[in-house]
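Scroll down for the structure; my scribbles are underneath it.
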Amino acid sequence: MRKTLISLGVLMREKRFVYMDHAATTSIKPDVAESMIPFLKEYFGNPSSLYSIGREGKEAIETAREQLAKALGAKPDEIYFTSGGTESDNWAIKGTAFSRQKKGKHIITTSIEHHAVLYPCEYLEGQGFDVTYLPVDRYGLVDPAEVEAALKEDTILISVMYANNEIGTIEPIQEIGKVAKEHDVLFHTDAMQVIGAVQLDMKQKHKDVDMLSLSSHKFYGPKGIGALFLKEGTQIDNFMHGGGQERGKRAGTENVAGIVGMGKAIELATANIEEHNEIIIKMRDRLLSGVLEIPNCRLNGHPEKRLPGNLNFSFEFVEGESLLLMLDQMGICSSTGSACSSGSLETSHVLRAIGLPPEIAQGSLRLTLGDANSKEDIDYVLDVLPETVGKLRNMSPFYNPGSVCEK
Amino acid sequence: MRKTLISLGVLMREKRFVYMDHAATTSIKPDVAESMIPFLKEYFGNPSSLYSIGREGKEAIETAREQLAKALGAKPDEIYFTSGGTESDNWAIKGTAFSRQKKGKHIITTSIEHHAVLYPCEYLEGQGFDVTYLPVDRYGLVDPAEVEAALKEDTILISVMYANNEIGTIEPIQEIGKVAKEHDVLFHTDAMQVIGAVQLDMKQKHKDVDMLSLSSHKFYGPKGIGALFLKEGTQIDNFMHGGGQERGKRAGTENVAGIVGMGKAIELATANIEEHNEIIIKMRDRLLSGVLEIPNCRLNGHPEKRLPGNLNFSFEFVEGESLLLMLDQMGICSSTGSACSSGSLETSHVLRAIGLPPEIAQGSLRLTLGDANSKEDIDYVLDVLPETVGKLRNMSPFYNPGSVCEK
Amino acid sequence: MYNKKVMDHFMNPRNVGEIENADGIGEAGNPHGDYMKIFLKIRDDRIEDVKFKTFGCAAAIASSSMATELIKGKTLNEAWELTNEAVAEALEGLPPGKLECSVVSREAIHNAINDHRKKQGLETLEE
Amino acid sequence: MYNKKVMDHFMNPRNVGEIENADGIGEAGNPHGDYMKIFLKIRDDRIEDVKFKTFGCAAAIASSSMATELIKGKTLNEAWELTNEAVAEALEGLPPGKLECSVVSREAIHNAINDHRKKQGLETLEE
Ligand SMILES: Cc1ncc(COP(=O)(O)O)c(C=O)c1O
Ligand SMILES: Cc1ncc(COP(=O)(O)O)c(C=O)c1O
């Protein structure tokens with residue numbers, strides 16, 4: 001690798017490539033990519049075919065189904081492959097809604113869900129459904145008691161994400177599941193962010209979860225492939241109608257290579273969750289305390305109940321997109337909830353939901369750690385970030401160094 | 001390759017692997033697979049990210065969009081990536097239906113569509129929509145006059161496949177498009193089977209087509225990726241709700257590798273359609289006349305208006321699944337519309353729609369030619385097939401050699 | 001889809017053919033379109049020889065082959081008691097949804113036995 | 001997303017800072033949250049020096065930088081006529097949806113010119 005010297009003002013330093021956006025997507029592990037290649041180059045038969053050459057594909061799909069089932073503590077029959085997290089969410093929500101509209105039209109979800117949950121809900125509102133978007137506290141926590149209080153006679157679905165992708169807050173899924181079960185309402189959770197970070201067990205710990213969505217590219221698998229866990233006996237409408245694939249529940253010729261890759265990826269991601277988390281948390285804690293030394297900076301999300309790899313900061317007097325782009329120039333990949341970054345007029349709905357005033361939400365920076373990171377990455381970010389924030393603050397009309405209270 | 005000697009009765013011959021099921025799926029071309037690999041191994045950034053490392057993915061997606069647009073004679077802005085043909089069909093049909101239900105609830109389609117069209121229509125019937133399934137003639141042709149006659153005040157959509165996947169009949173898409181246009185009804189066509197076989201031109205020849213579905217694995221691209229052509233200005237409901245991908249019309253992190261592969265595949269598949277068809281038709285015609293020498297055998301579908309690679313036969317006194325499996329033992333991959341093969345009680349809905357009596361439909365065999373085939377494959381099939389049919393007929397209680405009228 | 005045993009009985013079916021002047025002939029079909037015709041040579045209430053012809057899928061053909069093997073040499077009573085499950089078991093299993101295709105063998109055997117009883121002036125047996 | 005020119009003006013913005021005892025000071029914001037403050041040093045109706053401070057995205061910062069470059073040395077009349085489009089063009093284009101972010105520069109310049117006019121006892125100009 002060529003070494004590049006880069007300057008962001010006075011100091012010259014060696015540029016380093018630091019990927020800290022693992023919540024957005026992850027790289028494919030080499031073993032995962034290798035597992036896929038035979039299904040691109042060699043085994044091309046249609047898994048639905050009767051003759052022998054479709055069989056490698058069919059068998060590979062069933063192996064992947066077992067790998068997913070094992071990782072979730074579920075039965076292979078409860079796993080359905082989809083084209084990604086978005087499809088899984090759409091299916092769970094619309095499939096439940098349309099299948100139960102005679103029974104009721106009320107859905108409970110939260111104001112901090114991913115758009116893959118929020119927009120299907122909004123769409124359903126247009127179709128005559130009634131959706132309650134529960135508020136969260138300032139840490140992003142949903143209160144199970146509020147879920148219970150929101151229940152109506154005609155509630156058919158509760159959908160609460162397992163952990164938030166922006167601020168990392170982990171929700172009380174078991175408690176909410178209990179509420180759902182007690183009132184005989186289906187419970188769906190968007191678990192995109194937790195595979196490989198939280199040990200799942202659909203038979204025991206998560207026995208009250210009826211549907212769970214996951215997406216391969218969040219755990220070092222390929223993009224465009226995901227799954228829906230649909231608990232045995234749970235009947236919802238199909239979303240993708242057509243051929244008899246996936247035991248008649250999800251039509252469409254299977255993305256065999258993608259399914260194989262996801263199977264391998266989940267096996268690797270869940271092989272040693274605790275040890276993996278320990279490493280990530282160690283890096284995260286050092287990064288956290290280092291960043292908090294920058295004045296007028298705060299951590300968003302829950303201080304403890306959060307994903308191991310997630311840090312979400314707000315820097316006063318700084319706009320997030322600028323910060324992100326300057327960090328990118330220094331080789332650091334990050335994310336922000338600022339309005340400008342999304343092309344919309346509003347800052348992230350999650351940051352608004354936890355009550356951040358717009359100017360604080362504007363200065364948000366998400367750093368999500370993962371397999372790509374090392375101690376050296378943390379050092380580099382801690383070296384570059386304060387200077388970058390400083391440079392932008394010096395450009396800001398709101399910033400008055402005198403007014404900044406040193407911590 | 002090890003040579004295997006194989007016997008199906010008396011004769012011993014060298015076993016040959018002959019893939020003649022190109023309508024089911026195709027192998028990925030080496031150049032296509034190669035184009036995908038960097039997006040599995042190297043460029044993993046999320047195309048929606050603001051920083052530089054997502055850009056390779058973003059740019060690669062736009063290149064693929066241009067490749068598709070060029071192949072279809074469309075604008076890049078009219079191409080939307082999906083998870084395959086089934087999703088494209090579902091989106092076009094349900095998206096149109098839900099977006100126009102205030103205007104009307106009547107849909108016209110045909111009795112020979114793929115299940116990816118039929119089952120969304122059936123689903124919509126359950127949601128209060130009214131669907132006309134037009135009959136076809138004995139060759140599988142839809143009559144544009146019947147389409148016109150079926151129109152009602154509240155017709156919102158006409159969906160007729162470009163060419164049938166089982167019997168290969170090519171429908172009068174331009175004439176049906178004219179009817180749709182004259183009555184200001186949206187027109188969708190399932191074009192899975194025609195990419196690389198028919199030259200498309202959405203601006204001229206197919207200017208009356210508002211929506212067109214395609215699927216990459218039918219033209220030597222990867223599985224689990226497809227596209228919907230949505231004519232400029234055509235407003236239909238989204239099907240996959242969530243993030244802002246695909247200009248806000250199809251949410252979900254993009255299957256970058258799949259999209260790249262499909263782009264390359266369509267470029268290759270449409271580079272020289274005429275020359276390619278010539279080769280295929282030459283092989284097909286020899287296979288056709290050879291097979292028709294078997295007594296009590298007929299060709300299904302239209303004699304001329306058919307896909308270059310498609311042959312669909314019915315052999316009296318023979319059941320299709322048995323024939324398929326015996327051919328598989330001889331190395332030949334084929335397909336059948338027999339009841340047993342589908343696990344259902346009924347023979348193929350297409351063969352029923354063209355009026356085949358059940359016992360004739362039971363004995364159907366589809367051979368679809370493509371890039372994998374050579375003259376030697378034709379020789380081999382012509383060598384093996386008569387004997388195989390003979391073996392099964394000798395086992396059949398219905399077969400009475402005396403009653404067979406020699407041709 | 002099919003296991004090795006099924007494929008063997010499908011590719012190399014035993015007892016295919018007809019018996020001239022058979023002592024009992026039975027036919028049976030199912031809604032899939034599978035159809036079997038069976039011919040029994042009977043001596044002293046025992047099935048001395050058996051042949052069949054079947055139109056149908058691999059499951060139907062393999063079941064026919066296996067069923068004829070299982071009843072060959074058996075008494076008519078024993079043959080009557082043969083179940084689809086026993087045939088499927090002897091084939092080491094059939095894919096889900098394919099058990100139906102093996103039903104024709106049992107029915108054809110029953111019909112052949114009753115044909116034989118009729119020829120003998122005996123009353124026919126009920127299922 | 002942004003072109004090289006924009007990135008250059010964003011990473012190395014010209015004319016950042018404040019002018020003590022400026023002859024005209026103007027501020028402007030937009031609904032995205034972008035905010036610019038501009039300082040003019042004016043002599044003989046001409047902009048002798050200009051500085052700015054901007055809170056905002058890369059488009060806002062780069063536009064601020066480019067706008068100040070474009071009006072430096074110009075007469076107040078010329079500066080008043082500067083459009084967002086001219087700024088965007090000088091930047092060789094802004095991504096779709098980002099033109100909005102460059103609006104603040106023009107507004108801030110107008111406000112600064114009017115501030116100067118007020119100080120001079122002149123009536124303010126209308127947009
Ligand atoms: C005519 C037709 N329509 C739809 C489909 C479904 O496409 P896919 O398998 O890519 O979902 C197919 C192929 O399976 C087809 O041949
Ligand atoms: C919480 C959450 N839900 C849903 C999604 C959508 O998943 P996908 O991009 O695989 O469609 C994502 C990621 O993008 C996510 O983080």
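Naming: A, B, ... by sequence-line order, numbering from 1 per chain.
- Heavy-atom distances place the side chain of B/S49, and not its backbone, under 4.5 Å from chain A.
- With respect to chain A, the highest number of heavy-atom pairs below 4.5 Å among B/V256, B/L118, B/D89, B/D21 belongs to B/D21.
- When every heavy atom of A/H241 is checked against every heavy atom of B/T86, the shortest pair comes out as O-CG2, 3.5 Å.
- Put simply, the side chain of B/K223 gets close to the backbone of A/F44: a donor and an acceptor are under 3.5 Å apart.
- Heavy atoms of A/F239 lying under 4.5 Å from chain B belong to its backbone as well as its side chain.
- Between A/Y123 and B/F98, the two ring planes are perpendicular [angle over 60°; tilted spans 30° to 60°].
- Note on A/K94, A/H114, A/E254: by heavy-atom pairs under 4.5 Å with chain B, the leading option is A/K94.
- Put simply, of B/G84, B/S335, B/A251, the one with the most heavy-atom pairs under 4.5 Å next to chain A is B/A251.
- If you measure heavy-atom distances from A/E87 to chain B, the contacts under 4.5 Å come from both the backbone and the side chain.
- Neither the backbone nor the side chain of A/S215 has a heavy atom closer than 4.5 Å to any heavy atom of chain B.
- Only the side chain of B/Q101 comes within contact range of chain A, with at least one heavy atom under 4.5 Å from a heavy atom of that chain.
- Contacts with chain B were tallied for A/N238, A/D237, A/I225, A/V117; A/D237 has the most, counting heavy-atom pairs under 4.5 Å.
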Which donor-acceptor pairs under 3.5 Å do side chains of residues 27-42 of chain A form with protein atoms, sequence neighbours excluded?
residue, atom, partner, partner atom, Å
A/E34, OE2, B/K41, NZ, 3.1
A/S35, OG, A/V32, O, 2.6
A/K41, NZ, B/E34, OE2, 3.1

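- Under the rule for a side chain to side chain donor-acceptor pair (under 3.5 Å), B/S48 has no partner lying at least two apart in sequence or in another chain.
- What you find for B/M240 and A/S83 is that their closest heavy atoms are CE-OG, 3.9 Å.
- With a threshold of 4.5 angstrom between heavy atoms, A/N90 approaches chain B through side-chain atoms but not through N, CA, C or O.
- Residues B/A24 and A/N46 share a closest heavy-atom pair of O-ND2, 3.3 Å.
- Interface remark: A/T82 contributes no atoms to any contact with chain B (heavy atom separation under 4.5 Å).
- In terms of heavy-atom proximity, B/N255 sits nearest to A/G224 at CB-CA, 3.8 Å.
- In this structure, A/L50 and B/L324 approach most closely via the heavy-atom pair CB-CD2, 3.6 Å.
- Rounded to the nearest 0.5 Å, atoms CE (A/M192) and OG1 (B/T253) are 9.5 Å apart.
- If you tally non-hydrogen atom pairs under 4.5 Å between each of B/I53, B/I332, B/L325 and chain A, the highest count goes to B/I53.
- The minimum heavy-atom distance linking A/Y51 with B/S334 is given by the pair CE2-O, 3.0 Å.
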